[in-house]
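Written out below as C-alpha cells is the structure these notes cover.
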Amino acid sequence: MAAAAVGKRVLDTGWLAARSTEVALTGVQLTTTQPPAADPEPAAPWMSAAVPGTVLGTLLKNKLIPDPFYGLNNQAIVDIADAGREYYTFWFFTTFQCAPSGNQHVTLNFHGINYSAEMYLNGLKEVLPKGMFRRHNIDITDILHPDGNNLLAVLVHPPDHPGRIPPQGGQGGDHEIGKDVATQYVEGWDWICPIRDRNTGIWVEVSISITGPVNIMDPHLVSTFHDDFKRSYLHCTLQLENRSSWIADCTLKIQVSTELEGNICLVEHLQSYAITIPPQSDVEYTIPPLFFYKPNLWWPNGMGKQSLYNVEISVDVKGFGESDSWSHYFGFRKIESTIDDSTGGRIFKLNGEPIFIRGGNWILSDGLLRLTKKRYMTDIKFHADMNFNMLRCWGGGLAERPDFYHFCDVYGLMVNLMSLVKVMMSLVLGQQLHILVWQEFWITGDVDGRGIPVSNPNGPLDHDLFLLCARDTVKLLRNHASLALWVGGNEQVPPVDINKALKSDLKLHPMFASSQASDSQEKHLSEEATDPSKYLDGTRVYVQGSMWDGFANGKGDFTDGPYEIQYPESFFKDSFYKYGFNPEVGSVGVPVAETIRATMPPEGWSIPIFRKRIDGYIEEVPNPIWDYHKFIPYSKPGKVHDQIELYGHPKDLDDFCEKAQLVNYAQYRALLEGWTSFMWTKFTGVLIWKTQNPWTGLRGQFYDHLHDQTAGFYGCRCAAEPIHVQLNLASYFIEVVNTTADELADVAVEISVWDLDGTSPYYKVTEKIVIPPKKVKQIMEMKYPKMKDAKPVYFLLLKLFRLSDNRILSRNFYWLHLPGKDYKLLEQYQQKKIPLKIYSEILVSGTKHQLRMIVENKSTKSVAESIHPASGIDLGDVSGSHSTGKETTHDGNESGSLWRKIHSSLGVARTSDNLRTLEVDGTDSGIAFFLHFSVHTSGSSTAEEKYNDTRILPVHYSDNYFSLAPGEQTSIDISFEAAPGSSPRVVLRGWNHHLDHAVMI
C-alpha cells in the first residue's frame, strides 16, 4: 500500500452503533478478531450510526424512535433518568485505511465527545477523559495495523449527572446537569423539551491527521494597528512538536494572501525561518511581525466591506520535506469594548468606530446536534439577511463550532451560481457582511447557584476540567474575526476560582487594554515586553456574566427581559427599559400554518381557545401539543390586550397564523425601531431573545426549525437597516436613523397615507434634510391621526430618498389604527381584488435556482404621482403580453434589464429564454397588502392522510411580507436549491390575494 498523504482526513462514513448492554464482546474483541459486519447490512444489535451526532440521532436515523420534535412524540421516548445511563451508553465502530511511511506520524482526533469514552484501536485501549468541550488528540502511529486496515471502536458514556425532569419541568430540570461540563439545555427549559439522551455521542467530527516528524499546533494570529490604522502588523505564535527521536532541522514558512477581483490571488507576504527542534519535544515559536500598509479591514454587518486574508503556515523538515501545514482566513480588525459613561451600557468599537448593537441570542442550530456546514451556512445567512450585527452564544448551549464561526467570518464567499448571487445582491441590496459573536462559557443562573431550588452554588464539580475545556475552546476559536468577547456565564458569574482564572487567562495585552491609546502609547513591538500572539487571547474583553459590567443593570440583578407580547408603542417609551444594553428581550413567535401542520398531527392544528376574562382581557389557552411546544400567547391578561384579536377573531389555523404574522412583523419591527430611537442617547445595544429554535418550538423565533421565516424576520430586516426611516409609535414623529460613519445629506422623506378605499388623503415631501453620522434625527410629526376626517384604519408609506437621483435609501410601510380602535376593518379588506402584474426571470445551475420576481400593483393612483419609484433598480421595459390569472411570456431582450446584464456579463448559469409575465385580475384600487412568496414542489398537500408539506426549504428572499401602494412595483430576489425533477413553483399569497398565483420553473 502506498504511503498516506500528509494532511487531514475526516472519518464521517461507515460508522456503526449498538447499545452497550446488547453487545457481549469487549473492545479488544471488536477491534481484533470479532468486528461487527456492515455488509450488506449490519446485524442486530448493530445499526448505521450518525457520526458526528448523538445516540438519539442514531436511533432516529434507524427509525427506532419517533421524531422527538414532532407533536408529543418526545413523551414516548425513554428518558435517561428512568432508564439509567447504561441505556444510552453506546458502542460506535468504524474501519479506516491508513499506512504511514517510516517517518510519518498519525494522530486520531476527536473534536468533541459527550461525555467520556474508551477508545479501542486494533485491540489497544485509550481512555478519553470527561468533558464535552475538549479535543482529544491521540498519537496512533505505533498502533496502526501494518496492512493499513484498522478497526476502531469507541464506547461513549453519557454525562455523569444527567438529572431528572421534575413533573413541572423547569429551567434545566433538577439542575443536576450543571455538575458536569456539558450543555445544560438538555434537561429542558421554558423554550425546549428535555433531550432524552442528554446529547450523548460523538458530536463533533472524527479525523486522522498525517504529518511528518514535526507538526503544527494551535497557531495564534493577532493584528495590531498604528497611525490611525495605516500601519499594521500580523503577529503569530505557534507550537511545533517534534515526535521523532532525532533533531529536526526545520524551515517554517508563512504566506499571507488576499483574493482580488476575478479570483486572482495577491501574495502579500511569503517568509521563511530556520528552526531546530530537539527530539521528542515541542517548542513555542513567535514569527517576527509581518508589516502591512493600509490593510483591507474586516468590518461587521452594516459597517463596511468585508476583507479576509488567507494565512498559510507550513513546516518543512530536512530529509523529509513538508511535514505539516495549517491555514486560516483572518480578518485585520481591532475590537474594543468599554462601559459607556453616559448610558452605562457596554459599547463596542470596531476599527475605532462605535457599533450600535442590534442582534439576537443563539442557542444552537439543532437540539440533536445535527450540525452540518450547510445548515450553519443557512443559519448565519438568515441572520445577515435580518441586518443583525451580533449573536450571543448563550451559556446553556454550546461552545459553537469552527464552522459556525467560519460562516460568521466569510459568509458570502461562494462560487458558481452563488457568485452571481453575491454580485447581484451587492448591487440590489448593498454588500452583505458579517456578524460579531459573543461566546459564553457553560454557566447559567438557573443551574449554577440560582434557580428554584438553588443548586450547584459552586458550579460544576470539577473546576480544573471546566478551565481545561475553556482554554481549549479559546485556542479553537480565537483566530476568528467575528468573535467579539468572552462571557463567564448566563445571568450568573462562574465560581470565584474559575472566574479569577478566566480573568487572568483572558486579560488584555497592553496594546489592547486602553481604548484611548495615544501615539506615544502605541509602541513598536520591539519596545513591548511580550508579543500579543503569545497570550491565550489578549485581544478581546472578558466579562464575568451576561448581566454584569455594562449589560442590564451591570450588577447581576435580574434586569434583562421581558419575554412576552407588548403593545408596539411601548418599545418607544422611555419607561420601557432602564439600562443601556439589554442582553435579552423577547416576545412571540408562531410560525406559518404549514409548519404547524408539518410538525404536529391534526389534533395539534386546533388554535388556542380565546377565553375572555371579567376584566376584559383575553386569555389564550393552547391545546396540549402547543403547550408542550412552549407556545407564548399573543395576550398578557392585565397588561396587554390580545394582539391577534385586534384583527378579528381567528376562524381557523390558517387565519390564526396569518394574523400572527401581522403581529410578529409589527412586534419585532417596533422592538428594534424603539431601541434604535434611543441610539447612543440611552441605549448602546439590544439582543433579542431569541432568533430561532433548535427544535419545533412555538416561541421566540424569526425562522422555525424547518428553516421557514416568520414575518418577524422581515420586520427585523426592515428595522435594522443601517439607514432607516421610521415612525416613532409613541410620539408619532417621523425619524431618520443613520448608523453609518458618513453624513447623510441631500435627502428627503416622502410621506403618504392610504385608506381602505384606495385613496391617499395625506401626502407630503419634506424639505432637504441632513443626518449626521451615527445619529437619529426627528424630522416632523405625522399629523394624519389628528385630522378631522382621519380613518380608523389606514396605511402609512415612508420613503427616504436622495434628491440628486431619486434613489430610495429606505422604505417603510405601516398599517395603523386610531387610538382606541382596532384592525377589524382589515377583515373586510380581504375581499378587495387588487390587480397585480408579476414578472419573473429564472437562472438555474444544477440544483441551485435564482429568481427575480418583479411585482407591480396595477391599480390606479388617487394621489399626485409619486416622483420616486418603489425600487432604485433600473427594471428596463418589462411590459409584456396581457392575460387574466395566467402565465405568459415575451421576448425579454430589453437592454435595460439589469438581471439580463448580470447574466450576460458573467455567463455562469442557464437562464430561461423568456421573461415570464403573470397578471392577476382585479377591479379594485388600493394597497396590495402583506404579500408573501413561498416555493413548493409540484406535489399537493392533503389533510385527509398525513400532511404532505410541499414547501422547498430553506429559501432566501431579499424581502417578503411586503405591501405595494397603487402604481408601485418592487423586485424580490429568491434563491434556493431543489432536487432534480422536483418542478419547483413559486407561489404568491397575500392578505387580499388568497389564490395561489404560481410561477412554474
Side-chain angles (χ1 to χ4, degrees), residues 15-27 29-30 36 42-70 72-94 110 112-120 127-132 153-167 169-170 172-189 192-204 366-370 461 628 695:
W15 285 88
L16 303 178
R19 183 170 281 113
S20 64
T21 55
E22 299 175 0
V23 177
L25 301 174
T26 66
Q29 292 171 314
L30 289 173
W46 293 94
M47 66 193 82
S48 177
V51 176
T54 64
V55 169
L56 220 58
T58 288
L59 294 174
L60 180 61
K61 178 181 180 179
N62 290 275
K63 300 181 180 180
L64 296 176
I65 59 169
D67 183 350
F69 297 165
Y70 182 87
L72 297 177
N73 281 353
N74 196 55
Q75 294 182 334
I77 300 173
V78 177
D79 192 81
I80 192 171
D82 300 315
R85 291 177 67 244
E86 296 79 9
Y87 187 79
Y88 286 113
T89 298
F90 265 61
W91 280 106
F92 293 88
F93 177 88
T94 193
F110 293 92
I113 290 179
N114 192 22
Y115 183 62
S116 61
E118 294 99 52
M119 180 209 78
Y120 294 83
V127 174
L128 304 181
K130 301 173 183 178
M132 184 175 181
V154 187
L155 182 62
V156 178
H157 302 277
D160 292 347
H161 302 89
R164 179 172 294 276
I165 314 304
D174 65 0
H175 309 150
E176 283 292 293
I177 194 69
K179 293 178 178 177
D180 297 330
V181 184
T183 187
Q184 297 183 357
Y185 77 92
V186 290
E187 279 203 67
W189 226 269
I192 194 170
C193 65
I195 305 298
R196 299 305 187 186
D197 68 344
R198 307 298 189 264
N199 282 159
T200 299
I202 305 173
W203 70 282
V204 194
D366 177 69
L368 298 187
L369 303 187
R370 295 167 290 190
L461 296 180
Y628 191 77
W695 79 306

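Because the structure is predicted, anything quoted here is derived from the model rather than measured.
With a 4.5 Å cut-off on side-chain heavy atoms, Pro45 and Arg19 do not count as touching. Side-chain contact between Thr200 and Phe90: absent, with no pair of heavy atoms (C-beta onward) separated by less than 4.5 Å. Side chains of Phe69 and Asp366 form a contact here, defined as non-hydrogen atoms less than 4.5 Å apart. Annotation: side chain of Leu59 is not in contact with side chain of Ile77 (no heavy-atom distance under 4.5 Å). A 4.5 Å side-chain heavy-atom check between Phe110 and Leu128 finds at least one atom pair inside the cut-off. The shortest side-chain heavy-atom distance between Val181 and Tyr115 falls under the 4.5 Å cut-off. Here the side chains of Leu368 and Trp695 are not in contact, with every heavy-atom distance at 4.5 Å or above. Looking at Arg370 and Leu60, their side chains come closer than 4.5 Å, going by heavy atoms from C-beta outward.
Listed by chain and residue number, Asp160 satisfy the salt bridge (charged side-chain N to carboxylate O under 4.0 Å, His left out) test with Lys130 (two or more places apart in sequence, or in another chain). Among residues two or more places apart in sequence or in another chain, the side-chain contact (heavy atoms from CB on, under 4.5 Å) test is passed with Asn73 by Pro66, Asp67, Tyr70.
With hydrogens and angles ignored, the 3.5 Å screen pairs a side-chain donor or acceptor of Ser20 with a backbone N or O of Thr89. In terms of modelled atom types and a separation under 3.5 Å, the side chain of Asp174 and the main chain of Arg164 share a donor-acceptor contact. With Tyr185 contributing its side chain and Gly367 its backbone, the two residues share a donor-acceptor pair below 3.5 Å. In this structure, Asp197 contributes its side chain and Pro158 its backbone to no donor-acceptor pair below 3.5 Å. Distance alone, capped at 3.5 Å, is enough to place a donor-acceptor pair between the Asn62 side chain and the Ser48 backbone. With hydrogens and angles ignored, the 3.5 Å screen pairs a side-chain donor or acceptor of Asn114 with a backbone N or O of Arg198.
Across Asp82, Thr21, Val78, Asp79, a single residue satisfies side chain to side chain contact (heavy atoms under 4.5 Å, CB included) together with Tyr87, and that is Val78.
Across all non-hydrogen atoms, the minimal contact from Gly163 to Ala81 is O-CB, 3.2 Å. In plain terms, the two heavy atoms of Pro159 and Asp180 that are nearest each other are CB-OD2, 3.4 Å. Between Ala49 and Phe92, the shortest heavy-atom distance links the atoms CB-CD2, 4.0 Å. Of all the heavy atoms in Thr58 and Ala17, the pair that sits closest is CG2-CB, 4.0 Å. Nearest heavy atoms, Gln184 versus Trp189: O-CZ3, 3.6 Å.
Of the N and O atoms on the side chains of Glu187 and His175, not one donor lies less than 3.5 Å from an acceptor on the other residue.
With rounding to the nearest 0.5 angstrom, the CD1 atom of Ile177 is 11.5 Å from the CD1 atom of Ile195. Atom CG of Asn199 sits about 4.0 Å away from atom CG of Leu369, to the nearest 0.5 Å. Note that the CD atom of Glu176 and the CD1 atom of Ile165 stand 11.0 Å from one another [nearest 0.5 Å]. Taking CD of Gln75 as the start and CZ of Arg196 as the end, the distance is 7.5 Å to the nearest 0.5 Å.
Ring pair Tyr120/Trp91 is tilted by interplanar angle, where 30° to 60° counts as tilted.
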